[in-house]
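Got a structure here, written out as structure tokens. Questions coming.
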Amino acid sequence: MPNWKDCLDPDAPSGRYLRWKEVERSAGISRTTAWRLQRAGEFPRPYVISPGRVGYLEAEVDAWRTSRGHRAGACVAPAHRPAPPEPAPEPAPRVVVPAGAAAVAPAAARRPARQAAPRAAKGRRASLDAQMQLDL
């Protein structure tokens with residue numbers, strides 16, 4: 001699927017700003033989905049028009065719809081787009097033990113596993129009794 005930015009016409013006038021309700025009706029997605037797509041760079045970001053008011057450029061929303069195949073004569077993707085580079089794997093954390101120091105097992109390895117207390121009668125008193133047995 002082509003990126004919506006590939007479908008923008010650079011020679012077209014900027015057009016008008018759309019309110020969210022118009023974008024929602026046109027794109028057919030929820031505000032949360034739009035936010036997720038914006039974070040991934042797959043949906044146009046809004047422009048701040050004034051304090052407390054944002055708008056989406058109509059041309060950008062139309063380009064997004066075209067890239068998704070919402071109109072006949074859909075956008076043609078560029079002939080070749082290089083694949084994005086894969087992120088490098090994170091190296092494993094290194095533990096440095098000073099020379100002569102004995103290695104100590106993590107606390108979880110030294111501690112025996114707790115066993116669940118047998119279930120007693122329901123109620124606050126029974127749960128307090130069960131808790132006291134675990135603490136012993």
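Everything quoted here is computed from the prediction, not taken from an experiment. The chain is numbered in sequence order, starting from 1.
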Taking C-beta and beyond as the side chain, do W64 and V23 meet within less than 4.5 Å on heavy atoms? no

Checking Y47 now: which residues fulfil side chain to side chain donor-acceptor pair (under 3.5 Å) with it, not counting sequence neighbours? E60

Nearest heavy-atom contact between L57 and Y17 is CD2-CE2, 3.7 Å

By salt bridge (charged side-chain N to carboxylate O under 4.0 Å, His left out), E22 pairs with (sequence neighbours left out) R16, R19

Could you pull out every donor-acceptor pair under 3.5 Å between side chains of residues 32-41 and any protein atom, sequence neighbours left out?
from : atom 1 : to  : atom 2 : distance (Å)
T33  : OG1    : S30 : OG     : 3.0
Q38  : NE2    : P44 : O      : 3.2
Q38  : NE2    : Y56 : OH     : 3.3

